[in-house]
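Notes to accompany the following structure.
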2 protein chains.
Amino acid sequence: MTATSPKRVTIADVARRAGVSPSAVSHAFNGRPNVSEATAARIRAAADELNWRPNYASRKISGQGGRSLGLVIARSRDTFGRDPFFMRLLAGLTEPLADIGWSLSLTLVQADEEERVYRQWWGEQRVDAFLLVDVRDDDPRLGLVEQLGAPAVLLGAPVEDGVPAVTVQDETAFATVLDHLAGLGHRGVARVTDAPGLAHTGARDRRFSRAAAELGVEATFVAWDPAAGDPVADLLGRLGAATAIVVDSESIAAQIVAHAPEVGVRVPDQLSVVAWEDSWVSTLVRPRLTALDAPVEESARTAVALLEQLVRGEAAESRTVSGRRLVVRDSTAPAPQ
Amino acid sequence: MTATSPKRVTIADVARRAGVSPSAVSHAFNGRPNVSEATAARIRAAADELNWRPNYASRKISGQGGRSLGLVIARSRDTFGRDPFFMRLLAGLTEPLADIGWSLSLTLVQADEEERVYRQWWGEQRVDAFLLVDVRDDDPRLGLVEQLGAPAVLLGAPVEDGVPAVTVQDETAFATVLDHLAGLGHRGVARVTDAPGLAHTGARDRRFSRAAAELGVEATFVAWDPAAGDPVADLLGRLGAATAIVVDSESIAAQIVAHAPEVGVRVPDQLSVVAWEDSWVSTLVRPRLTALDAPVEESARTAVALLEQLVRGEAAESRTVSGRRLVVRDSTAPAPQ
DNA sequence: TTGTAAGCGTTATCAC
DNA sequence: GTGATAACGCTTACAA
C-alpha cells in the first residue's frame, strides 16, 4: 500500500473533462478575468470531480511565486522545548499562513549550521521567505538574507533598517511593571536576563534603566547562570538589595518561584517576581506568576502580512504591535520591611 | 530591498562555468556513476562558486521525489500550546528529517478542516508524506491517505494494519506504575483520561485493568472534565476510594498537583499522582511529578525512517520503540491510612 | 472569450 | 564518460 498512485491527474485531464483548453483551466484557477463565469464553473466542477489541484512544484517553476515560509530556529532541543513562547508562535503563525495559502517549513539547527540551512533552503527554492527569530546583536542573518535576496521579516527585534521587523510595543511596559512594584513599596528591582547576545536585550536594558530612574527605583542587572550548580540559589545570592526581579524568560521565572522557597527565599513575601512573557506555565506554578502578556498571535499575523507584501515585491515597513499587558497574579506583593 | 533577485543561477550557468553540459552537472549532483571524478570535482567547484543548488521545484517536477513531510495537527491553539509533548515531537522530528534532506511542513487545523488540508497538500504535491498524530478511533485519515495513495506513518496508535505505525512499548508500563503504587500501599488507583476518542485510550484502559487485576489493585476510570467550574476539584470529588491516580496528560497532572492543596487535598500525603508523559513541566510543579518518560525523540526518528522506506516504494513494518521509564519524583508517596 | 505555443529548471533516455 | 533532447505540469504572452 501507499505506493505512489500510478497516474496523477493533470490540468490536461481537467481541461479535457470540461471541454476546454489547459490554459482556460489555469486562467479560471488563478482568477484571471478572461474566462466566462459559465465555463469557470464548468472547470471548477471538473476539477472537483477529478479532485485536481494545481501542482505546487509546477506552478512554482513556471514563475508563480511559491508559498512556503521558512522558520529556522537555532536552539537546542532543550531550550526550544522549554520555551512556551514557541508554541504560541507556531500556533499563531499557522492560521494567517493558511489564510493566504502558505505553509510553514520548520527546522531546528545548531548554531554553526544555521547559515548553511538558510543558504540551502533559499538556494533550492524550498522556501520563499524567512521569518527570523531570536535575533542577535549584529546578527549575520540580516546580511545573509539581503545578500540572498530573500524576503525576510524579523520578529521581536528593534533593528533599524534593512529587514522589516515586527516588534511588540513595550516603551511603556517597564514603566507599567515598575509602577506596579514601586506601588508595592519596592525600591530596588533587578532585571534578570539569560541569552545575553539577543538583540532585544540591550534595548530592554535601557528602557528598564530609564523607567527605574523616573520612578526613583534602583535598577540592577543580574545574569542567569544555567551552569551554576543550583542556578536559582546562585541567582538569589547575587540579588543585593533588590526585593523584586523582572525575569526575561518565563520558564526561568517559573523555575525561580518554584525553587526559591526550597533555598530559603519566600515568594512573594521576601521577593517579588515578574515574568516578561506569559503563558499557561505562569498559571501552573505556585505562587502563580505575575507576568507581562505579549500579543504573540498578533505579532505572528502581522509578520505574515509583511511577508506577503514583500513577496509581492512591495516595500514593507516595520511595524509595532501593541497589547502588552501586565497580568497581576500571586508572585508580587508588598516589599518586605 | 529584498525584492527577488533579478537573475537566478541555474544548472546551465554551472555547466557553462565547468565547461560541461547541464546533464553532466545533474549526473554529478545525483551521484550517478557516469561522470569522472575529475569532472565531478570541477562541477562541484563551479556550483560552489556560483552558490548553486538544484532547484527543489524543478527536480520535483521532473520526477525526483520531493522531500517534505506534512504534519497536520487538529488541535486548538490552546490544547496544542499546553502540551509539551508537541515540543518534544517537533524538535525530535527536525533532526532526522534534516539528515535525509527533508523538511517539515506544519499546520494546525480545526477538526472540520482536517480532511481538506490533507487533500490539498497532497493534491498540490506540496508534501510527499504525512505523519499522523492524535489518531482517533476509526480515524478517517487512515482511509483518506490510503485513498490518496499518500505515504503515511502513524505515531502512537496501536492500529493493526494499512498504515504502518510507531508505538511506544508500554505493555509493561502500567505494571511498572502499579507496582510502584502498590508497593507504597495503594489499593485503589484511578486512571484519569481526557480526550476519550483517541485510539490509544482503549488499549491503555485494557492494560491498566489487566495490570491492576494482576496486582490486586482496584482499578477505576475517571474522566477529566475541562468544562467544570473547577476541573481539579470536580475530578478529586469523583475519585471514590482511589488513593492514587495515573493521569494521561502531563499538563493536566501538573494542574492537579498544583491546585489540589487549594481545594483541600494534599499531594502526595492524601493522593499520589503519576503523569503518563514527562517533560520539564513535571519538574516545575511542586511536588515534582512522578512521571513516565517516553522516548519521543526515538519515536520521531523511527517514524522518519519508516517514511523514508515508504517513499522509496519499499514496504514498511510497524515498529515499537522501547524505553518507557518511570521517573519517581515527589508526587507519589505511601498511601494514607 | 478561448486556444496555441513557448518557456520555467531539472532529470532521464539514449545516442555518441 | 559525456552531451543532446524530450519530458514533467503549469503559467503566460499572444494569436484566434
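All values below were derived from every heavy atom in this structure, side-chain atoms included, with hydrogens, water molecules and symmetry-related copies excluded. Numbers restart at 1 for each chain; the letters A, B, ... are given by sequence-line order, proteins then strands. Only a predicted model underlies this, so the values are computations on that prediction, with no experimental measurement involved.
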field: Donor + acceptor pair across side chains of B:Arg53, B:Asn51 (<3.5 Å)
entry: yes
task: Ignoring hydrogens and angles, state whether a donor on the side chain of B:Thr79 or B:Ser76 is under 3.5 Å from an acceptor on the partner side chain.
output: yes
task: For the pair A:Arg67 and A:Asp128, evaluate salt bridge (Lys or Arg N to Asp or Glu O under 4.0 Å) and give the outcome as yes or no after the intermediate values.
output: CA-CA 6 Å; A:Arg67 302 155 172 285; A:Asp128 308 282; over 6 Å; no
field: Under the side chain to side chain donor-acceptor pair (under 3.5 Å) test, residues paired with B:Arg77 that sit two or more places apart
entry: none
query: Backbone N or O of B:Ser36 within a donor-acceptor pair of the B:Thr39 side chain at under 3.5 Å?
result: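 Side chain of B:Thr39 to backbone of B:Ser36, a donor-acceptor pair under 3.5 Å: yes, one is there.
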- prompt: Which part of the nucleic acid, if any, lies within contact of A:Ser23, taking any heavy atom under 4.0 Å across all strands shown: a base, the sugar-phosphate backbone alone, or nothing?
  reply: base
query: On the ring face of A:Trp52, is B:Arg119 found with NZ or CZ under 6.0 Å from the centre and within 45° of the axis?
result: no
task: When you get a sec, tell me which of D:dA4, C:dA12, C:dT4 is the closest nucleotide to the side chain of B:Ser21?
output: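 That would be D:dA4.
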query: Where along residues 54-63 of chain B does a heavy atom come under 4.0 Å from DNA chain D, residue by residue in number order?
result: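 Residues of residues 54-63 of chain B under 4.0 Å from DNA chain D: B:Ile61, B:Ser62.
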- prompt: Relative to the 5' end of DNA chain C, which residue comes earlier, B:His27 or B:Arg53, by the nucleotide with the nearest heavy atom?
  reply: B:Arg53
message: Does C:dT2 have OP1 or OP2 under 4.0 Å away from a side-chain N or O of A:Asn34?
response: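 No, because none of the side-chain N or O atoms of A:Asn34 sits under 4.0 Å from OP1 or OP2 of C:dT2.
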query: Could you give the CD-to-C1' distance, from A:Gln64 to C:dG7, as a whole number of Å?
result: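 Value for this atom pair: 15 Å.
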